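What follows is a short report on a single structure.
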Amino acid sequence: MAGGKLSARQKMINLMYLVFIAMMAMNMSKEVLSAFGLMEAKFASANVVTADMNEKLLANLEVKAEEKPAEFATAANKAKEISVASDEFFKYLESLKTQLLQKGDYAIDPKTGKLPFEAMDKTDILDEMWFTGDRLTKEGQAVMAKIDAYKSKVKSIIGNDVKYQKAIENFENRFSTAQEENKDGKKIDWLDYHFKGFPAIASYTKLTALQNDVKVTEANMFNVFLGNTLDEAVSLKNYTAIVIADKSAFFAGEKFQGKVVLGKYANVTPTGLSVGGSSVDLEKAIDSTGAARLDFGVGGVGEHEIDGVFTFLEDGKPLEIPIKGNYVVVPRPNSATISADKMNVVYRGVVNPMTISFAGVPDNKVSASGAGLKRGSGTGKYTMVPTSGREVTINVTATLDDGSKVSDKAVFRIKDIPKPSGQMAGQSNPKLPRNNVAVGKVEAVLEDFDFDLPLTVTGFKMKVEGKPSVTCSGNRLNGAAKSALASAKRGSQVQIFDIKSRSNGPAIKPASPIVIELTN
């Protein structure tokens, strides 16, 4: 049979195999493109985190430069220069990414916030922009020039100080643009190796990875500056005494409970502590971390200040660190805060979200009960699905820190789901062309109803002037209704009434009728 003519059936089978193989190749391609997209998202997320960390490192250097200029001023200035150079290069790489998206007509999906990874398969965008034969275009040369300029700038900022040589070596390796060896063993230029012939999403991801290299460079350099100049013997003058209360507010009659600590737990033994002019027994107040526990009457309702002195011994001399803080005393609660998140009533048959709390009492010490009430997820969150009756009572009990209990209650009215409004083309009394009515969809809409309760029209009746009414199932006109509509005169009215609908929950009343004026 080999070499003979193929039958029509065999040709069809061969064609099906070709189609099947092509579909497998397409699916594999989409998976690879999506993988690049996911990797790009991880790089972008890492860049945000690293940028925030770098800001804090730079701020730390600036603070130390003010406190100890002889030791930190030079390092802080170098860090600022590296930050400026890195920010400029980072923005340049961002402009290349933007240009790539524009040339490829790609856009971020506003709903998902993601790029169309699987569609970014074009390989000719950067090929045409950066390469011409075996050489670089002017734009390609400009890219390499920008990379080289950034490398030169960073190295000139660091200088020849031997303690930074390891950091410079790491930087050189990270931004190496030496020729690369391809799969055939041939040496090719760095830009050609990394960007020529790649799909758009791969090139976009590599540019984001370069941005990540910039952020990592900043982080490494800032840490080097801190690590090589950090003085472990930090003066206690740079610490601040902080009052940490066990809770932010206290009830009248309670005792204030909290502690005073330095800016960080230094485990430094103090020689004295006074609060409000009264000395505190250090043996009882100081714990293993160096924090001092405070225990005193909170006073009356209102805001109060804590004023005192923490005394330490430094260089053989007493060093006094002022203590400043404040706290608020609130009245003991005698009523609960109970509110429906949507409105001041609850609706029968639907899930009504509610927030229930007691002022100044933790959520785990508050309990609530009522017909149809259930605890939801989140602090103070509940749901209520009322069924019968016209009112429902919610009872709330709170347990205070001293073990005593307080309670309260609230009454809510129960209402039925309101009658929906019948609509076509988004209007209750529209003026529409005949054809629009024939193909239009009848809808039941709960106007000014804050709950998400979609309705599905299951049937209705239509009446044309001079004709008997026609009953329709579903939400569109049937054949009989369309025939009656065809006989209606221009300017006459068409009534759609007895509009029935259903929801995924409670029973729904028939919607109000629609009166349509025909415009042709």
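These numbers come from a predicted model, not from an experiment.
- Annotation: cation-pi geometry satisfied between K206 and F198 (NZ/CZ under 6.0 angstrom from ring centroid, within 45° of ring axis).
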field: salt bridge (Lys or Arg N to Asp or Glu O under 4.0 Å) evaluation trace for R375 with D363
entry: CA-CA 11 Å; R375 181 177 282 275; D363 182 59; 3.1 Å; yes
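- Put simply, OH on Y150 and CG on L93 are 9.5 Å apart, with the number rounded to the nearest 0.5 Å.
- Distance alone, capped at 3.5 Å, is enough to place a donor-acceptor pair between the K122 side chain and the G104 backbone.
- Close placement of the Y347 and F449 rings is indicated, their centers lying within 6.0 Å of each other.
- The nearest pair of heavy atoms linking S83 to F222 is CB-CZ, 4.2 Å.
- Two residues are said to be in side-chain contact when any heavy atoms from C-beta on lie closer than 4.5 Å; V350 and P506 meet this criterion.
- Separating the CD1 atom in I414 from the OG1 atom in T387 is a distance of 7.0 Å, to the nearest 0.5 Å.
- Using a 4.0 Å cut-off between charged side-chain N and carboxylate O, E218 and K215 make a salt bridge.
- Put simply, the side chain of R348 never gets that close to the backbone of K415: no donor and acceptor are under 3.5 Å apart.
- Using modelled atom types, one finds a donor on one side chain and an acceptor on the other under 3.5 Å when comparing R174 with T217.
- S45 contributes no side-chain N or O that, together with a main-chain N or O of A41, makes up a donor-acceptor pair within less than 3.5 Å.
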field: Step-by-step side-chain contact (heavy atoms from CB on, under 4.5 Å) determination, R135 to F131
entry: CA-CA 6 Å; R135 295 179 292 107; F131 308 99; over 6 Å; no
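- With hydrogens and angles ignored, the 3.5 Å screen pairs a side-chain donor or acceptor of W190 with a backbone N or O of S176.
- With hydrogens and angles disregarded, a donor-acceptor distance shorter than 3.5 Å links the side chain of Q211 to the backbone of F90.
- A distance-only check finds a donor-acceptor pair linking the side chain of N352 to the backbone of M384 [under 3.5 Å].
- In terms of heavy atoms, I516 sits closest to I496 at CD1-CD1, 3.9 Å.
- Formation of a donor-acceptor pair under 3.5 Å by the S492 side chain with backbone atoms of K489 is found in this model.
- For the pair L207 and F195, the minimum side-chain heavy-atom distance is below 4.5 Å.
- In terms of heavy-atom proximity, N395 sits nearest to K409 at OD1-CB, 3.4 Å.
- Remark: K151 is not positioned above the aromatic ring of F175, lacking an NZ or CZ atom under 6.0 angstrom from the ring centre and at most 45 degrees off the axis.
- Within the structure, the side chain to side chain donor-acceptor pair (under 3.5 Å) test picks out no pair touching residues 459-488 (sequence neighbours left out).
- Atom CG of N520 and atom CG of L432 lie 10.0 Å apart (nearest 0.5 Å).
- Among all heavy-atom pairs drawn from I394 and I356, the shortest one is CG2-CD1, 3.9 Å.
- Under the 3.5 Å distance criterion, the side-chain polar atoms of D192 are left unmatched by any main-chain donor or acceptor of K196.
- Closest heavy-atom contact between T123 and G197: CG2-O, 3.6 Å.
- With rounding to the nearest 0.5 angstrom, the OG1 atom of T177 is 9.5 Å from the CG atom of L191.
- Separating the NZ atom in K80 from the CG atom in L61 is a distance of 9.5 Å, to the nearest 0.5 Å.
- A heavy-atom distance below 4.5 Å is found between the side chains of L455 and P420.
- Note: M120 CE to I201 CD1 = 4.0 Å, rounded to the nearest 0.5 Å.
- With a 4.5 Å cut-off on side-chain heavy atoms, W130 and L96 count as touching.
- At least one donor-acceptor pair under 3.5 Å links the side chain of R434 to the backbone N or O of L485.
- If you check the side chains of S428 and S421, you find a donor sitting under 3.5 Å from an acceptor.
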- prompt: Is there a side-chain contact (heavy atoms from CB on, under 4.5 Å) between E94 and K97 once you walk through the steps?
  reply: CA-CA 5 Å; E94 190 65 25; K97 291 165 61 178; 3.5 Å; yes
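- T137 is not listed as a side-chain neighbour of M129, based on a closest heavy-atom distance of 4.5 Å or more.
- Counting only distance, with no hydrogens or angles, the side chain of D109 and the backbone of K111 share a donor-acceptor pair below 3.5 Å.
- Looking only at side-chain heavy atoms (C-beta outward), M354 and F412 come within less than 4.5 Å of each other.
- The salt bridge (Lys or Arg N to Asp or Glu O under 4.0 Å) test applied to K419 returns no partner, not counting sequence neighbours.
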query: Would Q179 and Y193 satisfy side-chain contact (heavy atoms from CB on, under 4.5 Å), going step by step from the backbone distance to the final call?
result: CA-CA 8 Å; Q179 285 188 324; Y193 181 84; over 6 Å; no
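- Between V411 and V392 there is no side-chain heavy-atom pair separated by less than 4.5 Å.
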field: T399 and K405: CA distance, side-chain angles, deciding distance, side chain to side chain donor-acceptor pair (under 3.5 Å) verdict
entry: CA-CA 5 Å; T399 303; K405 294 182 181 295; 2.9 Å; yes
task: Output, in order, the C-alpha distance, side-chain angles, deciding distance and verdict of side-chain contact (heavy atoms from CB on, under 4.5 Å) for F89 and I147.
output: CA-CA 8 Å; F89 186 50; I147 296 175; 3.8 Å; yes
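- Closest non-hydrogen pair, A219 versus L57, comes out as O-CD1, 4.1 Å.
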